[in-house]
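Here the structure is laid out as structure tokens; the discussion comes afterwards.
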Amino acid sequence: MAPTGGPVSVAGARLVDVSPYGMMIESPVPMKEDSVLQFRLAVEGRKTDVSARVACCTARAGTRHAYGVGLEFVELPSDLREQIRDVLSADVRIEATG
């Protein structure tokens, strides 16, 4: 993933990677592992509220205030998961706010 822009973006953090099962973001603040965060995903104009569990959070090497946060989507509807897979393979924009 490019550091800015690309087919997927997330509000309030830099998106590092994304898949139909979760995403890795870079956050300016640490997040507690196993906490569940709420996001609104927009996939091709379809907005869906989803939850993501913090699977891991580690300080980024060489930076003072950056954390790599691995997020696992929780109970994502299977049709939305498939739509994300299709959109990523077609390089279309997905947005998440949370």
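Distance check: Lys32 NZ to Cys57 SG gives 12.5 Å after rounding to the nearest 0.5 Å. Distance check: Leu80 CG to Phe73 CZ gives 8.0 Å after rounding to the nearest 0.5 Å.
By the 4.5 Å heavy-atom criterion applied to side chains, Val16 and Ile25 are not counted as neighbours.
In this structure, Pro20 and Ile84 approach most closely via the heavy-atom pair CA-CG2, 4.0 Å. Across all their heavy atoms, Cys56 and Met24 have their closest contact at SG-CE, 4.5 Å.
Residues Val69 and Tyr21 do not share a hydrophobic cluster, clusters being chains of Ile/Leu/Val/Met/Phe/Trp/Tyr side chains in contact below 4.5 Å.
Residues forming a side chain to side chain contact (heavy atoms under 4.5 Å, CB included) with Ala59 (at least two apart in sequence, or on another chain): Tyr67. Evaluation of the side chain to side chain contact (heavy atoms under 4.5 Å, CB included) rule for Ser51 yields Val36, Gln38, Val74 as partners, not counting sequence neighbours.
For residues 67-84, every residue pair satisfying the salt bridge (charged side-chain N to carboxylate O under 4.0 Å, His left out) rule, not counting sequence neighbours, is listed here: Arg46-Asp79, Arg53-Glu72, Glu82-Arg85.
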Do Asp34 and Val54 pass the side chain to side chain contact (heavy atoms under 4.5 Å, CB included) test, and can you show the C-alpha distance, the side-chain angles, and the key distance before you say yes or no?
CA-CA 5 Å; Asp34 291 323; Val54 177; over 6 Å; no

